Amino acid sequence: MAIQVTENMEENKIDRLLAAGGYTADEIGMSGSSVLLFEDQVLKIQDDSAEAENEYLMTRYLQGKLPVPAVYAYKKSDGKSYLLMGKCAGEMACSDGYMENPHIQCKLLARGLKMLWDVDVSDCPSDQRLQYKLKQAAYNVEKGLVDLENVEPDTFGENGFANPSHLLDWLYANMPKEEAVLSHGDYCLPNLFGRGEEVTGYIDLGRSGIADKWCDIAICYRSISQNYSGKYSRQAYPGYDDLLLFRELGIEPDWEKIRYYILLDELF
Ligand SMILES: Nc1ncnc2c1ncn2[C@@H]1O[C@H](COP(=O)(O)OP(=O)(O)O)[C@@H](O)[C@H]1O
Ligand SMILES: [Mg+2]
């Protein structure tokens with residue numbers, strides 16, 4: 001959908017909506033963004049950054065290609081970005097309904113991945129391959145932006161890397177060959193909406209663009225395991241099978257690549 005409204009019209013739309021109130025604030029996201037849920041619209045407010053701008057550009061680019069929210073307005077002001085979009089139908093892939101039905105959940109997740117891979121990336125405006133990602137990771141390391149509170153227990157310390165800078169060196173020295181596809185970039189369960197096996201919405205597209213297909217598989221694999229372990233809820237769920245996703249995808253897990261992309265994500 002082409003957005004041809006002027007900046008001013010867009011700003012007015014967002015300002016009017018905020019002034020009218022009538023929203024609830026979402027508490028799922030982990031990125032420090034605020035997500036305001038209106039009746040059939042969602043306003044995502046986050047610090048202005050390359051990632052926030054990419055989220056807007058890619059959500060727009062993917063209109064008509066994949067089920068992504070409609071984009072109603074976008075503005076930047078006072079160091080913040082505001083993206084007003086449609087609300088996804090269905091439920092998140094981490095809802096109780098999906099967590100209690102792992103077969104359907106993995107069918108949904110596998111279908112979501114295959115639909116991404118089927119998109120022609122020849123005119124994709126965002127390139128998130130390692131050459132770019134590692135530069136960003138280096139920036140995060142240099143500026144001390146790596147969130148050490150939110151890493152896997154063995155990434156650093158006795159059984160892992162001494163510090164983020166050593167991990168970065170390892171990532172540069174062990175770059176895998178990339179199988180370029182359209183990648184979501186943060187393909188975790190709360191970022192995919194579905195109804196049964198049908199994908200109803202991809203959201204949180206700030207890191208999406210051309211990248212190795214194993215990037216999304218790795219993040220998805222980690223997210224399934226974390227959600228089943230009860231990391232994000234009061235209880236663990238039964239039925240966790242770490243090979244289910246691969247059976248649905250019809251491919252063998254490449255554990256080296258999965259490890260590589262999970263480690264890369266630790267620096268974001
Ligand atoms: N377009 C949308 N439709 C429905 N729910 C949404 C939408 N955008 C965000 N949400 C809800 O808000 C949560 C956080 O939004 P998200 O864009 O993923 O932010 P974060 O970057 O903080 O993860 C999502 O997991 C979802 O529950
Ligand atoms: Mg999210």
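In each ligand, atom 1 is the first atom listed, and ligand 1 is the first ligand listed. Quick caveat, the model's predicted, so the values are computed rather than measured.
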Exercise for review: Within a distance under 4.0 Å of any heavy atom of N191, pick out the atoms of ligand 1 and give their elements.
Suggested key: 18 (O)
Check your understanding: How are the rings of W255 and Y221 set to each other: parallel, tilted or perpendicular (split at 30° and 60°)?
Key -> perpendicular
Exercise for review: Decide whether D47 and S49 meet the rule of one side-chain donor and one side-chain acceptor closer than 3.5 Å.
Suggested key: no
**Study point:** G86 near ligand 1 by a heavy-atom separation under 4.0 Å
**Key:** yes
Review point. Are the side chains of Y82 and Y74 in touch, meaning some heavy atoms are under 4.5 Å apart?
Key: no
Review point. M85 heavy atoms, cut-off 4.0 Å: which ligand 1 atoms fall inside?
Key: 1 (N), 8 (N)
Point to revise | Contact atoms of ligand 1, heavy-atom distance to P190 under 4.0 Å | key: 24 (C), 25 (O)
Point to revise | Short N-O contact, D127 and R129, less than 4.0 angstrom | key: yes
Review point. Rounded to the nearest 0.5 Å, how far apart are OH of Y98 and OH of Y237?
Key: 14.0 Å
Point to revise | Side chains of E152 and Q226, donor plus acceptor under 3.5 Å | key: yes
**Study point:** Cation-pi, W117 ring and R111 (6.0 angstrom, 45 degrees)
**Key:** no
Review point. Counting both backbone and side chain atoms, is some N or O of I203 under 3.5 Å from an N or O of ligand 1?
Key: no
Review point. So what does the N191 OD1 - the Mg ion (ligand 2) - D204 OD2 angle come to, to 10°?
Key: 90°
Revision key, fill the gap. Check: of L205, D26, L192, L37, min heavy-atom distance to atom 13 (C) of ligand 1 comes from D26
Point to revise | Contact partition for M92 relative to ligand 1, non-hydrogen atoms under 4.0 Å | key: side chain
Check your understanding: Backbone, side chain, both or neither: what part of C88 comes under 4.0 angstrom of ligand 1, heavy atoms only?
Key -> both
Check your understanding: Quick one: which ligand 1 atoms are inside 4.0 Å of a heavy atom on K87?
Key -> 3 (N), 4 (C)
Exercise for review: Show which atoms of ligand 1 fall inside a sub-4.0 Å distance from at least one heavy-atom site of K44.
Suggested key: 16 (P), 17 (O), 19 (O), 20 (P), 21 (O)
Exercise for review: Show which atoms of ligand 1 fall inside a sub-4.0 Å distance from at least one heavy-atom site of S33.
Suggested key: 19 (O), 20 (P), 21 (O), 22 (O)
Point to revise | E55 and Q46 side chains, donor-acceptor separation under 3.5 Å | key: yes
